[in-house]
Number of protein chains: 4
Amino acid sequence: MSNTKFLQGNEACAEAALYAGLDFFAGYPITPSTEIAELMSLRLPQIGGKYLQMEDEIASLCAIIGASLTGHKVMTATSGPGFSLMQEALGYAVMAEIPCVIVNVQRGGPSTGNPTHVAQGDVNQARWGTHGDHAIVALTASNHQDVFAVTVEAFNIAETYRTPVILLFDEVIGHMRERLAVPEPGEIPLVSRLRTSVKGGVDYHPYLPREDGRLPMSDFGGVHRYNVTGLFHDMWGFPSDNPKIVHGLSRHLVDKINNNAHQIAMYREYHLEDAERILISYGASARSALHVVVNRRARGELLGLLELQTLWPFPSHIVREKCAGARSVTVVEMNKGQILEAVKMAVDDPNKVFLANRVDGVLITPTDIRNFLRVIQGKGV
Amino acid sequence: MSNTKFLQGNEACAEAALYAGLDFFAGYPITPSTEIAELMSLRLPQIGGKYLQMEDEIASLCAIIGASLTGHKVMTATSGPGFSLMQEALGYAVMAEIPCVIVNVQRGGPSTGNPTHVAQGDVNQARWGTHGDHAIVALTASNHQDVFAVTVEAFNIAETYRTPVILLFDEVIGHMRERLAVPEPGEIPLVSRLRTSVKGGVDYHPYLPREDGRLPMSDFGGVHRYNVTGLFHDMWGFPSDNPKIVHGLSRHLVDKINNNAHQIAMYREYHLEDAERILISYGASARSALHVVVNRRARGELLGLLELQTLWPFPSHIVREKCAGARSVTVVEMNKGQILEAVKMAVDDPNKVFLANRVDGVLITPTDIRNFLRVIQGKGV
Amino acid sequence: MSNTKFLQGNEACAEAALYAGLDFFAGYPITPSTEIAELMSLRLPQIGGKYLQMEDEIASLCAIIGASLTGHKVMTATSGPGFSLMQEALGYAVMAEIPCVIVNVQRGGPSTGNPTHVAQGDVNQARWGTHGDHAIVALTASNHQDVFAVTVEAFNIAETYRTPVILLFDEVIGHMRERLAVPEPGEIPLVSRLRTSVKGGVDYHPYLPREDGRLPMSDFGGVHRYNVTGLFHDMWGFPSDNPKIVHGLSRHLVDKINNNAHQIAMYREYHLEDAERILISYGASARSALHVVVNRRARGELLGLLELQTLWPFPSHIVREKCAGARSVTVVEMNKGQILEAVKMAVDDPNKVFLANRVDGVLITPTDIRNFLRVIQGKGV
Amino acid sequence: MSNTKFLQGNEACAEAALYAGLDFFAGYPITPSTEIAELMSLRLPQIGGKYLQMEDEIASLCAIIGASLTGHKVMTATSGPGFSLMQEALGYAVMAEIPCVIVNVQRGGPSTGNPTHVAQGDVNQARWGTHGDHAIVALTASNHQDVFAVTVEAFNIAETYRTPVILLFDEVIGHMRERLAVPEPGEIPLVSRLRTSVKGGVDYHPYLPREDGRLPMSDFGGVHRYNVTGLFHDMWGFPSDNPKIVHGLSRHLVDKINNNAHQIAMYREYHLEDAERILISYGASARSALHVVVNRRARGELLGLLELQTLWPFPSHIVREKCAGARSVTVVEMNKGQILEAVKMAVDDPNKVFLANRVDGVLITPTDIRNFLRVIQGKGV
């Protein structure tokens, strides 16, 4: 039996989740993410896991939060409108530090928008959709091999940092079929749930960090009794409005992610070493961008591509370093410039950063990008 | 009978909404916004308006969207968790271009967070909380006279641009009592609903702009039959995935707001004309910032304050112009630097922009700000 | 018998003085320097040297000046109040060009101040405490190995340039215990007294320079008779108010030190090669600064430390060169910004220089410094 | 009897002190300040005041500190070597907040230096001579009318801020004779000792500020018993090493002076309004500088003079403002550039600041200054 499959990106994501140890999935179908739920409903019962079809997206996220607390690796999948509905529960997972993975296969928005067509317009929502200061992890990919890898990594990050992780794919990646070489078990290292060594009958502090900063968990409903809340809370999990505790937890929730931006940063680079002009892209857009770079290099032009897989925390240090010597940096994305702003903040000179985009539901093409580059290089149309 | 009242900021907001012509309010109580609903439930029946107590915040926003379509001036009020729940319906209002006002009296987040204490952490959520590319209007104020003025202006902007407008107050402003001189009727100009001149029985195109770009409305359920949808749509309101139509509407939704940033920009300035160091603040934080500026000016220091009332669309042109000559710009806010980033993007040299903040549920004090300024000016503690 | 000792910084200083050839010490005890006198009173008689307990600090400095003139290597030790009392005699040593070493183990000032707690407030006094234009050498260190090294170097500089040298330690360095590997004899080169080759009975000019600019000495009370005075004087040491002689000696006293700033500059650097942000520190403060740098480098931040051991003559050339590419330079010291001003004068852009300090008698901690850096980097609290 | 006198600057200073209400003087004679003590020994007994000839300068300063505490207006006078001896007691007056005036008529230094000749080399010593962080007030003047005025102001400042004030004259000003029109009583306003309104038998807190920040005094040895110390202390005057109290008092001692730099700044300006090139000078040097400006203006050159009377706290704001438009700024002083450094720190571009000086005991002449200006303007010699 072969290890190579020919499948949709959505299916690659589902396979990767199972590889990572997922055994609980709750969801509500929505185009263009439905294939993920579909495959889950088939595969989970086969391995003794649980698939729950919920009444809506709010319930879906709440269900996996609960299941995670009881010790399971969990995921849900949706698209923009469903992701908007999940914003309140997402904040709860952030505050209570619940490991979980949320897939948003992007389509055109806002609102019901352009359901069957591609977009990358939910990047800033992933960062800022729930209320209050917080940090978030969001990953993406431009091909099925990477969809598999970042999905496994999403589970690893969720466990390592006790945080929700968002997988921000897009309609083209989700529905396109290409080959996936499924890794052997053990080929990609997995991070297991860090469980407390505190015995039953002994006090367990759910928010008391170990020396290395990590917070061991105890399966909820198991041998320890403790409180979980969306309110600011102390090390016992009990609510507090003491300013020192509020400040401490507020900083902790942001610092545990942002201070580890180096570890969380995933990216690919193509011909950056001597690039005078750099493209930065991600997801389906990066496929067209890579095509342009390969094509232009063949003609001797010093063009390079930085493909981001980690979108949040934004890998500013990587972008700054890679773009230091470039004459221009062009962000290729399918929205009105969301990663563009992050790139401008990261580089030394924001005036050298340009946008090549498309916002009409059609995948940006190599020809589109080449036309943008002509203008950016001062060559007109 | 005197026109001066001594009241809470929440009550000033409610009074202003009535002054602006509000006759429909639907909501679900949540600290620290509840007084708005409370006063509405008392006052609306007295003037023949409607107050609806809904089952949750999703229903609340949906109810006022419907009421607006039928010709009413409408509002709902909530705080962070409720605002997160509203994100999906908010996108619908953006896409279908429904005038409505949504008040978010901010408390500490994420999640249920720090309910009875102040924060300004929902600024970026107001901008990016719903999925997909879009633009938004968000206003705030630092005193009750301005709460009244920006609330009236929120209704005017909602009608002028057919857009939801967010009023982003905070717990201190909402609950603090101070004097309000209620303007005489007619003292603040009001923008009425622009209704179509198309007669009944004649085709009405709900999304066909007049020569001046505005879209006249026809009370839904009235003499015209037409379609309203959250999908991308043509001038009849019928769904379309034609790339040209998608591109056109996508740009329209953003441009109608962002291209009018000058008109929408509301702000106050104090001693900016010769300021070497500038504070930028808003909401309750601006009260402390103003105190510092007045105090330091008395000592001859060239300190000034730019108080923003319009947060989105961000008044970049104002900020850039006012800060051109300053040696440092310090953003005073109660979050981890949300307006800070917008200011950095706006000014010539982002390295001269600093943050003076507090994130523990306590109002930032003049002393806090002075201590930040000492460090920023290189004076240590 | 091992060469490694576990001792206080004050004891390390005393051991180093003996290593450097000290055989005369006069002093008056004052916290936090007393251990130096204490150890001297024990050790000097053992090696045939002289320890004199004087009636006050004025007498102490005068005694070692006299002893130096008769051919001895000499030192006294005190803290702030005693150092203030020494200012008049210090000027005499400068004018008469007497090699001597004066230790000031700093405590909180002004006046009797905060005797048992740390401070670094005497940096500018070391530079400018005595009246009239002059130059001075002042060294410091942040650990006992360096205390040993700079103390030996102080004696070498005193002999090389015929000048008083100030060792400006602080209470934490003086009282903290840590390991010192005492160098083998000969491991650190020593500069001996340069004695005149002029024979007895032949005219000796005490202030007539050799070709290399150095002034050979003759043990006072020995074979030559000559004049020593605090007045401006000619090459015989006799007073003169001739403007040319006054101008010449006035310049000589400053130039012999400041023109050799390169040779006198001692410093350590950590991770400066690619540092975007630089800390400059010295003494006990540099211990905390180094902790922050090591910790932040582990997270990938481009932070570096320049630790100054020579404070005066200020190593402007080193500071300018090392800080050329930095986005910010933060001086970490325990005063209100004394070295800060020297750094501002040295770098290209004084606006990029900040102060991280503490002035309450408590050692500045790594956490303090990190908090300053957050504000300086515009990140707030 | 005429109000106009023809006298030495030292005598003008003594007359002004009496005008200001001085009734206690203690001193030890030293060239070139002796005439002040001489005149005091004659005049004080006539008006029922006290003149004390002390055994040295340490005793002199200690005596007037004690007399001030008991309710008198006090002064001592000395020159460089005596001023060095006073540094320890000066710190005590700073810490205990004792109003007193110390005259230093500068001669050539360091050490006994050039006793009968002019210099301005003690400017930085006045600022930094005593140990520990502190602030200081130092005033000077270039003619006898101004000597009188700044001396009266010195007493006013000493009382207003409870601080020692240094009068930093020089040998030329001290010994030169010119006319002085002695003001009528009441012509210059006087600041009296602010005495507590707390009655005897009621607790008096010597370091508890009134609402306006001032600290009322009670004549020591009178109806209240309280503690005075050179240690950091609380509002009762009792020693404390509590970090909050140390930090608070440390900042208070600096802020009460530096935050009032505007009020304390005294200066004269000549032809600055359109000056392309500016001289900054003080004391005797300013006489030559003014001569050059008057002479050059007659030839149409856009030269101006800023004459500083307040040297510390350095009037940075005045210097910055006045020099904003100048092409070059030349500091004229008789040392190696002490005010030069302060000017460089104050202006926008330190590269446009030059030094015209003399350090040989001879008054800098207009010709000297003109020769410097030729070089500074690129005209060579």
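Letters A, B, ... are given to chains in the order of the sequence lines, protein chains preceding strands, and every chain is numbered from 1.
When Gly91(C), Pro110(C), Ala93(C), Gly121(C) are compared by the number of non-hydrogen pairs under 4.5 Å with chain D, Pro110(C) comes out ahead. Between chain C and the options Gly248(D), Gly132(D), Gly361(D), heavy-atom pairs under 4.5 Å are most frequent for Gly132(D). When each of Val123(D), Leu253(D), Thr130(D), Ile245(D) is checked for heavy-atom pairs under 4.5 Å with chain C, Thr130(D) comes out on top. Per-residue heavy-atom pair counts under 4.5 Å with chain C were compared for Asn242(D), Val254(D), Asn114(D), and the maximum is reached by Asn114(D). The choice from His117(D), Gln106(D), Arg127(D) that makes the most heavy-atom pairs within less than 4.5 Å of chain C is His117(D). Ranked by non-hydrogen atom pairs under 4.5 Å with chain D, the options Gln120(C), Gln87(C), Met86(C) are led by Gln87(C). Between chain D and the options Met95(C), Gln125(C), Gln338(C), the largest number of non-hydrogen pairs under 4.5 Å is found for Gln125(C). Ranked by heavy-atom pairs shorter than 4.5 Å toward chain C, the options Gly129(D), Pro243(D), Gly113(D), Gly109(D) are led by Gly113(D).
Here the side chains of Ile257(D) and Val137(D) are in contact, with some heavy-atom distance below 4.5 Å. Using a 4.5 Å heavy-atom threshold, the side chains of Trp236(D) and Asn227(D) count as separate. Annotation: side chain of Ile280(D) is in contact with side chain of Cys323(D) (closest heavy-atom distance under 4.5 Å). At a threshold of 4.5 Å between non-hydrogen side-chain atoms, the residues Met334(C) and Val118(C) count as touching. Between Thr76(D) and Val103(D), the closest side-chain pair of non-hydrogen atoms is not below 4.5 Å. The closest side-chain heavy-atom distance from Ser60(D) to Glu55(D) is not below 4.5 Å.
Every pair passing salt bridge (Lys or Arg N to Asp or Glu O under 4.0 Å) that includes a residue from residues 239-253 of chain C is listed here, sequence neighbours excluded: Arg251(C)-Asp255(C).
In plain terms, the two heavy atoms of Thr34(D) and Pro29(D) that are nearest each other are CG2-CB, 3.7 Å. Across Leu168(C) and Thr140(C), no two heavy atoms sit closer than the pair O-OG1, 2.8 Å.
Of the N and O atoms on the side chains of Asp133(D) and Asn335(C), not one donor lies less than 3.5 Å from an acceptor on the other residue. For the residue pair Ser281(D) and Glu333(D), no side-chain donor N or O sits within less than 3.5 Å of a side-chain acceptor on the partner.
For Ile58(C), the part lying under 4.5 angstrom from a heavy atom of chain D is the side chain only. Looking at Val362(D), only its side chain comes within 4.5 Å of chain C, counting heavy atoms on both sides.
Residues that satisfy the salt bridge (charged side-chain N to carboxylate O under 4.0 Å, His left out) test with Lys256(C), not counting sequence neighbours, are Glu97(C).
Contacts from residues 77-85 of chain D to chain C, taken as heavy-atom pairs separated by less than 4.5 Å, involve Gly80(D), Pro81(D), Ser84(D), Leu85(D) in sequence order. Contact residues of residues 341-358 of chain D toward chain C are Glu341(D), Lys344(D), Met345(D) (heavy-atom distance under 4.5 Å).
Counting heavy-atom neighbours within 6.0 Å of Tyr28(C) OH, excluding the residue itself, gives a total of 12 or less.
Ring planes of His233(C) and Tyr207(C): tilted class, angle from 30 to 60°.
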